[in-house]
Amino acid sequence: MTTSSGTTSASVEVHQLWQRISQELAHIFDAHFVCATAASEIAVQTGVTTVVAVSDPQRQYFDVWICDRDGNLRQKRWDKKTASFEPFLEAQQVVRLEKFGRPAAEQVSSELWLLPRDDILGIALPYPAHSNAITPPGVLCLIDPQDNCCLNAETLAQFAGNVTVYLDRAYLRHQVDRQEVEFAVISDISHTLTATLSLENVFQQLSGTIRRTLNVQSLSVGLTEEVTGDIVFVESLMGPLFKALPAVRLKRGQGIAGWVAEHREPVIINDAYTDQRFYRTIDQRSGFQTRSMICIPLQVEERTIGVLQAINRQHGKFTQHDLRLLQAIGGPLAAAIENARLHMDVLSEKRRIETIFSSMSEGVVTVNANGIITQANDAIGALLVANPVEMIGQNVYDVVRLKESSLKPFIQQVTAAKDEYPQLATDLQQSNADFLAVLISGAPIAQEDGTISELILVFSDLRQIREVERMRDDFFHGIVHELRTPLATILMYARLLREGKAQDAAKAGRFLGVIERESDRLQKMVRQMLQLAKQDVRELQRSWEAVALNSLFEEMLPPLADQATEKGLVFRQRIEPNLPPVMGNPETMHLIFKNLLDNAIKFTPSGAVQVTARLQNGMLHVEISDEGIGIPRQSLPNMFKRFYRTQTAVERGIAGTGLGLYMVKESVENYNGSITVESTEGKGSTFTVRLPVVEV
Ligand code: ADP
């Protein structure tokens, strides 16, 4: 009876004890706090030193709480080996172990066996009967329990069961919390990924968060190169550890990344150096040591666009859970990379079109289906004498006004156009009320479904075209004229000779002299035209050498001086001695100055012609000036155009082809030099050639 009532009172006591402890534990959701509370409550309530321990998730060590009967709580971290919890962990029930009889070595090397004087009553956590518990391995031990202690083997087992419930609850909460954080991180990442279009921004913003969530040392993205299939890790997508390293390239199938991309399967490796696929060169180059790695393929639909690697988990091994987490990030990351790439393509295409658009010499506008101008380049601004930016958003009929007709029928024609591009030659009204002859060409821009969304209108300034046409006509007339005169003369004298009109040898000799001179002229003209053709293919460029201008002038100037004097002109020359050489071709240099001097003499009826050459600011300046007929102001911008001849020269019947100055300018610029002209009509002209000297 005593025994049974003793047992009853003991079990009541235990029941009440547990009630008190569970009241405390009811509000605790942290596993470590559960351990600490259980240890201190049991110790204080029973008067026995109590130990509660749980291992870390990787099972490397134990976090241990020891509380003595006075409530002094200590927290320790014991290594798995030295803790010596094995006897309790291996048993399925409460065990009592005695210190007495244990070898001294075991007692000294054990953390636990330093505590008791006699014995320990202990049981494994989670309570062995709770087979589904998620609590990691641990123990609940009473140190030196007195016989009168209310906790015995049976009641301690109940306690362990109850503590397990609270621990499990705490670990479950922790798991849920962690998953919530991970979920929040993933949705945060997905949001960031969809919000930015720059790949580097994406990576910079995410790598820190992902590294912390996965607890890894490094995170990198390798991208599949479309042409070769190689995986390329660029510095900006490899994270701070690989700063300033050259891009790493893995051939198709090479290394773990290559394998993953090729097999489209993720890989978890917890000891990289024992894996056959591992490619050590990257570590060797970076000085970084890869221990463990998760690598997943980044896929967009069926294509593998690269891989995502998490390297070196900070604690423990990579798990399937880590893999799932990385895969959850991989999907949106692949989509973001693809978007960033497409965005880049679109941007560069846009830039290309914009460049073409703005650099076109023709005026261009695009007009939407409602007739509103959507784009206008600078050239159309120049044609209309208006600001192209202000044209955008205006109705095309308000901006583009024609002299006689309306633009409307033409726009309708363009909208209906299929394969042809309609054109309209018309007069455009400029904002200053002038009219300008233009050729408008139009084309519709169709959407994929065939609807016309925009029209593009190109305006060519007919003045330029007409000017070129005029110049070409002039040139042909000039050439024909120039050729016809000597040919007619040659023919006439040849006929006279054949008809025996040269009665004596002296007369025949004179006739032949005329034929010879005129043939020479013809030959010169043909040569000039050939030279021009030659220059067009830049043949001269090939044979550059240092040309000494002093000797060139010494050879060239005397006959020209004679020619000038013969014409009654004054010829002056001021050539500095020892001029440094210039780079070019001697024949072309000769052609440049000969042409300019020939012109000076040709276009100067009376007065002086002068040539000066000097070194100025590291450039050679050659000035050829005359006191001749001069050049009308409006002709000055056209002087170096092909076939161009001033009206005055033509009217005065001065022979020429309009090719000389064009050739001179082309040649001078070919030698990185420049030519300018200053002139006053009726007073004379000065042509200045500047050429870079050879550095010695
Ligand atoms: P060409 O002399 O055979 O006509 P150029 O190209 O050398 O060809 O010259 C083009 C035109 O420039 C000449 O026809 C002439 O109208 C004008 N010109 C060139 N040099 C002079 C000059 N020194 N003085 C006045 N007009 C000149």
Side-chain angles (χ1 to χ4, degrees), residues 467-468 470-486 520-536 556-557 560-561 563-564 567-573 588-613 622-670 674-689:
E467 177 77 353
V468 170
R470 186 189 72 81
M471 286 208 267
R472 199 185 48 208
D473 289 351
D474 279 1
F475 170 68
F476 279 116
H477 285 136
I479 287 285
V480 169
H481 178 76
E482 292 293 311
L483 291 177
R484 200 190 280 147
T485 322
D520 273 354
R521 252 184 83 191
L522 271 181
Q523 201 180 23
K524 189 187 146 205
M525 281 182 70
V526 171
R527 200 186 314 127
Q528 205 182 15
M529 284 161 72
L530 281 178
Q531 235 164 2
L532 193 66
K534 199 162 129 194
Q535 190 166 314
D536 268 355
M556 186 174 97
L557 295 182
L560 286 168
Q563 202 182 316
K567 197 178 167 186
L569 306 177
V570 178
F571 191 88
R572 288 191 214 108
Q573 58 184 74
T588 315
M589 287 294 171
H590 191 274
L591 177 138
I592 292 171
F593 299 116
K594 175 86 169 32
N595 254 301
L596 293 173
L597 279 159
D598 272 346
N599 279 348
I601 297 167
K602 188 161 76 173
F603 295 106
T604 308
S606 64
V609 167
Q610 172 169 310
V611 52
T612 66
V622 181
E623 262 173 36
I624 289 145
S625 44
D626 63 60
E627 298 172 358
I629 61 168
I631 299 156
R633 226 151 71 93
Q634 69 273 19
S635 296
L636 282 171
N638 298 322
M639 290 307 291
F640 300 102
K641 287 186 181 159
R642 206 195 285 222
F643 312 134
Y644 189 82
R645 303 186 64 213
T646 59
Q647 216 55 44
T648 19
V650 178
E651 279 162 11
R652 284 170 183 245
I654 303 174
T657 57
L659 294 174
L661 284 181
Y662 169 75
M663 283 201 293
V664 167
K665 185 175 160 77
E666 288 282 297
S667 305
V668 168
E669 288 180 353
N670 189 29
S674 64
I675 179 164
T676 50
V677 56
E678 282 167 37
S679 184
T680 313
E681 199 175 0
K683 292 233 164 102
S685 319
T686 300
F687 287 83
T688 308
V689 174

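Atoms within a ligand are numbered from 1 in the order they appear, just like the ligands themselves. Note: hydrogens, waters and symmetry copies are ignored here, and every other heavy atom, side chains too, is used. Positions are given from 1 along the sequence.
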Within a distance under 4.0 Å of any heavy atom of [X], pick out the atoms of ligand 1 and give their elements.
X    : answer
T646 : 15 (C), 16 (O)
D626 : 22 (C), 23 (N)
M639 : 12 (O), 17 (C), 18 (N), 19 (C)
I631 : 25 (C), 26 (N)
Y644 : 10 (C), 11 (C)
F687 : 20 (N), 23 (N)

Between [Y] and [X], is there a side-chain heavy-atom distance shorter than 4.5 Å?
X    : Y    : result
N595 : L661 : no
F640 : N638 : no
L597 : F687 : no

Checklist entry - More than 12 foreign heavy atoms under 6.0 Å from NZ of K567: is that the case here? => result yes
Checklist entry - Got more than 12 heavy atoms from elsewhere within 6.0 Å of CD, E678? => result no
Heteroatom proximity flag, [X] to ligand 1, N/O under 3.5 Å:
X    : answer
N595 : no
Y662 : no
L661 : yes
G660 : yes
N599 : yes

Item to check | Any donor-acceptor N/O pair, S635 side chain to I631 backbone, under 3.5 Å | outcome: no
Checklist entry - Got a second to check how far T680's OG1 is from I629's CD1, nearest 0.5 Å? => result 13.0 Å
Return yes when [X] approaches ligand 1 closer than 4.0 angstrom through a heavy atom, no otherwise.
X    : result
K602 : yes
F640 : no
G630 : yes

Item to check | Among T676, I624, V668, the one residue meeting side-chain contact (heavy atoms from CB on, under 4.5 Å) with V689 | outcome: V668
Next on the checklist: Under the criterion side chain to side chain contact (heavy atoms under 4.5 Å, CB included), I'd like the reasoning laid out for V570 against R572: C-alpha separation, chi angles, the key distance, then a yes or no.
Outcome noted: CA-CA 7 Å; V570 178; R572 288 191 214 108; 4.3 Å; yes
